[in-house]
There are 2 protein chains.
Amino acid sequence: MYTETPTTGTTAPVRASERAYRQLRGEILDGLLAPGTGLLEVEQAARIGVSRTPLRAAIARLIADGLVAGRTGRGFMVTEMSVDRIGELYEVRRALEEHAARIAAERRDPAVFEALRTQFLAAPELLRHGKAGLRRYYELIDEFDLALDVAVANPFLVGALAGVRTHLARIRRLARDNPDRLRSAAAEHLLIVDAVLAGDSSLAAHATHVHLHQSLTSVLATLRGSSAVPADPSPPPR
Amino acid sequence: MYTETPTTGTTAPVRASERAYRQLRGEILDGLLAPGTGLLEVEQAARIGVSRTPLRAAIARLIADGLVAGRTGRGFMVTEMSVDRIGELYEVRRALEEHAARIAAERRDPAVFEALRTQFLAAPELLRHGKAGLRRYYELIDEFDLALDVAVANPFLVGALAGVRTHLARIRRLARDNPDRLRSAAAEHLLIVDAVLAGDSSLAAHATHVHLHQSLTSVLATLRGSSAVPADPSPPPR
DNA sequence: CATGTGATTTGTGTATACAGAAACCCCAAC
DNA sequence: GTTGGGGTTTCTGTATACACAAATCACATG
């Protein structure tokens, strides 16, 4: 089924299953598809504009991601995200990121982390520039994560971290960070970068621990205020 | 309404996709489908006796498991397992299992680990009883893993550990443990159990570190002897 | 003899039709 | 009013047919 007009060459052959996956994943991460939402194959296939076959492939990937759970009887369900679940996620995140920081300190490319250091030094200034500055800040975090991935150079570890970050994106959406917290976070990141740069693996790991502790504390405090997330709603995923 | 079920009860409605998944996964873990083997949908579907649709669902799950890699043009491929890859796997394993041991020491049910302790004490004796004893020993390891999973009570962490253990099963098959190593391993496990039992989370983590170090050393030594695994054959998975 | 180009083959990606099973609903019986 | 049962509906699971893309091979040409 080709609805594409034969324009100038670059007709990227995006598979229907890929489109469905990206759209559903995006909608789940953005909260458009609320946790607990029951979804039906036919209905979603029609909505997205693909047939059931590629849609099922997309669902399979989302289940592997832990974003949706197969429902025993009817359809499938967007997984819930409770306070308990957030705590558990951070537990795994600590294990993986502390280890990653430790390894990165041993294997890092100094030039990359020098560049990051400069940028994190400028971050507080960045946060005074409204929405654009905020977006730039989040890009910086992404660069930091990427630099860590490259430094650890371990596909298994990087893959596990990617899984954690997926769920983290959902949480970040719920707990809109306030500027004060972001300024502190930048300082914490700076310390991690410095430790990695100095090759101090122990400090890198412990600084990561501190950062994640502060992050979790902040998230939980925000959620306690808004109560946008149930305390303990559902059985665990998978 | 009763559809004619002449046999006694257990007519489990096993989905075709589930059968295909289990068979392929089993064959990969057992090494019947060697790493690097190129597989074709039609050919595998015919072999297993299902149509392409459920087979593709099975493949999707195997890709998520990291056991097969997406196609490079034609078909899909059983992922390779090099010495480098084994080292990387153990790196993640250390991160997760050390953390799990630490947590387990804080949340464990003493009765469960008391029972494990008794069994690990008897393990050396077990290993003198040939093949049956060996199987029992591996069952004991499984029980230990399960006890840890229950103790940590964290779906994310347990899920990540399950992923690691999947790949570990492939390695274990390559590096047939020798009795001496197993006896040492039993002693190392005993120390971990003792630490968990005592609620000594630091010792539990460090004893796990020691155990994994010895395990990796032994695996690498075995492989260096047999050279059943390439040194650095392929691009990383995913 | 090497190399480029076109036809053929082969395999995946997608749509759709069909069958079985589970949930829903209505109605009757207690 | 509640509960149990049977019919209906609806959705998933599977098979299959078709379309497009890529790799292979043959053949011609330099």
Side-chain angles (χ1 to χ4, degrees), chain A residues 1-25 33 36-64 67-79 235 237-238, chain B residues 1-7 9-25 33 36-64 67-79 237-238:
Chain A
M1 183 182 74
Y2 266 36
T3 53
E4 299 294 332
T5 50
T7 55
T8 59
T10 57
T11 311
V14 193
R15 293 192 295 271
S17 63
E18 185 68 23
R19 276 197 300 124
Y21 173 71
R22 293 209 189 131
Q23 177 167 346
L24 285 172
R25 181 189 161 97
L33 291 177
T37 307
L39 265 35
L40 268 42
E41 286 185 10
V42 279
E43 138 195 325
Q44 292 305 311
R47 186 173 70 87
I48 299 184
V50 300
S51 84
R52 281 181 56 215
T53 309
L55 183 94
R56 290 184 67 136
I59 300 296
R61 291 176 65 183
L62 292 170
I63 290 177
L67 290 177
V68 313
R71 236 174 15 177
T72 52
R74 216 76 150 184
F76 49 94
M77 197 181 81
V78 180
T79 51
R238 300 201 182 181
Chain B
M1 183 172 65
Y2 281 27
T3 52
E4 67 286 350
T5 317
T7 58
T10 59
T11 311
V14 195
R15 293 190 297 268
S17 63
E18 184 68 23
R19 276 195 301 121
Y21 173 72
R22 293 207 188 135
Q23 177 167 346
L24 285 173
R25 181 188 161 98
L33 292 176
T37 307
L39 267 34
L40 267 45
E41 286 185 11
V42 279
E43 135 194 328
Q44 292 305 311
R47 187 174 68 87
I48 299 184
V50 301
S51 84
R52 280 181 57 215
T53 310
L55 183 93
R56 290 187 66 141
I59 299 296
R61 290 175 65 183
L62 291 171
I63 290 176
L67 290 177
V68 314
R71 53 222 68 202
T72 59
R74 214 74 152 187
F76 48 94
M77 198 181 80
V78 180
T79 51
R238 300 199 184 181

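Quick note: numbers below take in every heavy atom, side chains included, and nothing from hydrogens, waters or symmetry partners. Order of the sequence lines sets the chain letters (A, B, ...), proteins ahead of strands, with each chain counted from 1.
- Rounded to whole angstrom, the span from the CZ atom of Phe76(B) across to the P atom of dA22(D) amounts to 20 Å.
- For Gln44(B), the side-chain contact (heavy atoms from CB on, under 4.5 Å) test picks out Leu24(B), Leu39(B), Arg47(B), Leu55(B), Phe76(B), with sequence neighbours left out.
- Partners of Ala57(B) by side-chain contact (heavy atoms from CB on, under 4.5 Å), not counting sequence neighbours, listed by chain and number: Ser17(B).
- Below the 3.5 angstrom threshold, one finds no donor paired with an acceptor across the side chain of Arg52(B) and the base of dG11(C).
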Glu41(A) and Ile59(A): side-chain contact (heavy atoms from CB on, under 4.5 Å), yes or no, with the steps? CA-CA 9 Å; Glu41(A) 286 185 10; Ile59(A) 300 296; 5.6 Å; no

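- Close to dT16(D), at under 4.0 Å from its OP1 or OP2, lies no side-chain N or O of Thr53(B).
- We find that CG of Leu55(A) is positioned 14 Å from P of dC11(D), with the value rounded to whole Å.
- For the pair Glu18(A) and Arg61(A), the salt-bridge criterion is met [side-chain N within less than 4.0 Å of a carboxylate O].
- Straight-line distance from the CE atom of Met77(A) to the P atom of dT12(D): 15 Å, rounded to whole Å.
- For the pair Arg56(B) and dG13(C), the criterion of a side-chain N or O lying under 4.0 Å from OP1 or OP2 is met.
- Across residues 37-47 of chain A, Leu40(A), Glu41(A), Val42(A) each have a non-hydrogen atom less than 4.0 Å from an atom of DNA chain D (numbered order).
- When all heavy atoms are compared, the tightest approach of Ala16(B) to Val50(B) is CB-CG1, 3.8 Å.
- Atoms CZ (Arg15(A)) and P (dT12(C)) sit 12 Å apart, rounded to a whole Å.
- In plain terms, the two heavy atoms of Met77(B) and Gly36(B) that are nearest each other are CG-O, 3.5 Å.
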